[in-house]
Amino acid sequence: MEAVIEVKHIHKAFGPTVALKDVDIKFYPGEIRGLVGENGSGKSTVTSIIAGMQEPTSGEMYYQGKPWAPGSMIEAQRAGISMILQEANTISHVTVAQNIFAGREAEFSHFGIINMAKMNAAADELLGKFGLGHIKAKHPIDMYNFEDRKLIEIVRCVDDNTKVLVVDETTTALSLEGREILYKLIHKMAENGKTVIFISHDMEEILEHCTVLTVLRDGDIVGELNGQEIKALGAVKNIRYLMVGREIGEKYYREDFDTSHSDEVALELEDVSFNEIKHFNLKVHKGEIVGFGGLSGCGMHDIGRICYGIEKLDGGRVLRNGKEIKTPLQAIESGIGYISKNRDSEALILDGSIQDNIVLPSLTALERKSFISPKAEKEMANKEIEAFRIKCNNGKQWVGTLSGGNKQKVSFAKWTAKGSDVIIMDCPTRGVDIGVKQSMYSLIEYMKQQGKAIIMISEELSELVGMADKIIIMKDFKVTKEFERSPKLQQTDIIEYMI
């Protein structure tokens, strides 16, 4: 069978950093090809080159037997290669329809005037085909949440002309329903002889949905597994070993079931109301991990934003040490840190350096007589870069050039550098590889032992069951059930209260 895409001797360097080292790989019709590896292994780099996001430093590619060197993602999409990115990639301040048909406006134009009614009708038809009738073409895209915008991207990327679909960590942005829509789509494409390239850190979905698997490490391909090998006993252990080049220890989540904590309340929500959340009460104690779970849109993400002072309340109070928190600045000054689910738009300054991002919440503490020592900034940043093993040239490297997992490390590092005593984590391990997840869980456990209060909001039930002292499940902006940490607690015990 002839390959749809052939990558030959592709090398990619960003200054002194080598992202890909002489990579050779072929993608065939009808396969769901998994690409796995640690953050910075080269997965997204090779696919972004295929999809026209960037050019290789050297090497060549072939698409349907002909030389392939796309100048942009639009050119690649017109030729049948589409890529759904991990982070938000929609255009703000325009409608859903305008997002879906961005770059294709000519299809609805007559003498330079766009027929918006015709565009809206076409967009609504496409949304219906994907089972997304709750999203309306004429609505401004900004009225939809992160997950819905990601689903709109899928509609935009996939059409009858699509021959190759790259899915880059997209499922981390989706709820259970959204994931099912995507899974059905990729299997239907494979059945119709299309090619799917699927990047994920979720071993369960890799094993369940991929027909062949390629493992990368430090810019090299280190292994390839066929369908039989993926399903074989011990496959996960083998894949993890290939990814990191060493054995991953058995310890992953917390092994204790000690839910004890200080009697001192570190953060309190008192009769809080915001939009559809009504009269919500919460106490988080020092040394306690409170987990929030539910489907996307259940209200749990709003709780994190409320605790950090982002949202203006309709009623009630957020209290920290008896003082009311109304703004993020007040939250920071009182020792509250917030790791947003929307990493690129809310948690980090992508056009800033790693150092600038890490020291930003701590500038007041670093100030001496209206002067901030560059040496002190550098020392603080370098300490966190080393502690989190952030892959970078140095602290001056821009955050926007980092892989998803290394960006997330920076999101954590800014608050550990600040010494925050209350940490709100919204999807803390989103887009993070297995090795980094393991180290982050160890860090969270250590934070609990230090007496820090932690709110962990997650769409991964295994993460909540594995780490939280108490799990609060929400549905339709209400609490439906609370669970205490227990060796007997299973994910199946929780799901019925979410759906």
Side-chain angles (χ1 to χ4, degrees), residues 13-21 36-45 86 169 172 199 201 203 215-220 222 239-254 337 339 343-344 347-350 352-362 377-420 423 425 427-450 452 463 467:
F14 299 94
T17 303
V18 177
L20 295 174
K21 308 170 185 173
V36 298
E38 287 194 284
N39 293 115
S41 63
K43 310 179 300 294
S44 295
T45 304
Q86 178 183 354
E169 289 286 350
T172 62
I199 299 174
H201 290 303
M203 282 296 143
V215 185
L216 290 96
R217 185 172 73 238
D218 296 329
D220 277 323
V222 294
I239 294 165
R240 287 176 178 171
Y241 180 80
L242 287 169
M243 285 170 59
V244 301
R246 58 181 170 78
E247 292 285 350
I248 294 282
E250 290 301 315
K251 186 178 185 304
Y252 194 55
Y253 299 120
R254 283 172 61 187
I339 300 167
R343 184 167 54 217
D344 281 10
L348 299 169
I349 302 168
L350 299 184
S353 69
I354 298 168
Q355 177 176 306
D356 289 343
N357 274 269
I358 289 174
V359 305
L360 184 61
S362 305
E377 286 186 281
K378 185 176 180 180
E379 286 176 353
M380 174 179 279
N382 285 347
K383 180 183 176 183
E384 300 301 325
I385 288 169
E386 185 177 343
F388 281 92
R389 297 180 183 176
I390 298 169
K391 274 189 180 179
C392 61
N393 299 326
N394 53 56
K396 294 298 183 182
Q397 184 174 336
W398 280 20
V399 167
T401 65
L402 299 177
S403 67
N406 283 298
K407 287 178 184 174
Q408 193 69 343
K409 290 180 183 180
V410 176
S411 298
F412 265 78
K414 62 195 285 188
W415 301 118
T416 55
K418 177 73 169 65
S420 301
I423 310 287
M425 306 174 176
C427 298
T429 61
R430 176 174 164 260
V432 169
D433 66 58
I434 193 81
V436 176
K437 268 191 177 184
Q438 191 178 40
S439 63
M440 283 185 171
Y441 292 143
S442 295
L443 172 64
I444 292 167
E445 188 174 355
Y446 177 63
M447 286 177 169
K448 171 182 166 64
Q449 292 165 358
Q450 286 183 307
K452 295 186 185 297
E463 187 167 77
M467 295 302 299

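FYI, side chains are in, hydrogens and waters are out, and symmetry mates aren't considered; it's all heavy atoms of this structure. Residue indices begin at 1 and follow the sequence shown.
The two residues E445 and M467 come nearest to each other via the heavy atoms N-CE, 4.2 Å. Between L20 and G42, the shortest heavy-atom contact is CD2-O, 3.6 Å. Minimum heavy-atom separation, L216 to S41: O-CB, 3.5 Å. A pairwise comparison of heavy atoms in P361 and W415 identifies CB-CZ3, 3.6 Å as the closest pair. The two residues G37 and K43 have their closest heavy-atom pair at O-NZ, 3.1 Å. Of all heavy-atom pairs between R430 and Q408, the closest is N-NE2, 4.5 Å.
Using the six-membered ring where Trp is involved, Y252 and Y441 have ring planes that are perpendicular, over 60° apart on the 30 and 60° scheme.
Under the 3.5 Å distance criterion, the side-chain polar atoms of R217 are matched with a main-chain donor or acceptor of L242. Judged by distance alone, the side chain of K407 and the main-chain N or O of V399 form no donor-acceptor pair under 3.5 Å. A donor-acceptor pair under 3.5 Å is absent between the side-chain atoms of D220 and the main chain of V222, judged by distance alone. The backbone N or O of G337 sits nowhere less than 3.5 Å from a side-chain atom of K414 that would complete a donor-acceptor pair.
For the pair M425 and M440, the minimum side-chain heavy-atom distance is 4.5 Å or more. Contact annotation: the side chain of S362 approaches that of M380 to within less than 4.5 Å [non-hydrogen atoms, C-beta and beyond]. Within the 4.5 Å cutoff, side-chain heavy atoms of L443 are placed close to those of F388.
How far NZ of K21 is from CG of D218: 5.5 Å, rounded to the nearest 0.5 Å. With values rounded to the nearest 0.5 angstrom, N406 atom CG is found 9.5 Å from T401 atom OG1. To the nearest 0.5 angstrom, E38 atom CD is 12.0 Å from R240 atom CZ. Here the NZ atom belonging to K396 is positioned 8.0 Å from the NZ atom belonging to K378, to the nearest 0.5 angstrom. The distance from atom CD1 of I358 to atom OG1 of T416, rounded to the nearest 0.5 Å, is 8.0 Å. Considering CH2 of W398 and CG of D356, their distance stands at 10.5 Å, rounded to 0.5 Å.
For the side-chain hydrogen bond (donor to acceptor under 3.5 Å, both in side chains) with T429, the qualifying choice from E463, Q438, H201 is E463, the only one to do so. Checked against L402 for a side-chain contact (heavy atoms from CB on, under 4.5 Å), the options K391, K409, Q397 give a single hit: Q397.
The 12-atom threshold is exceeded at CD of Q449, counting heavy atoms of other residues, nucleotides or ligands nearer than 6.0 Å.
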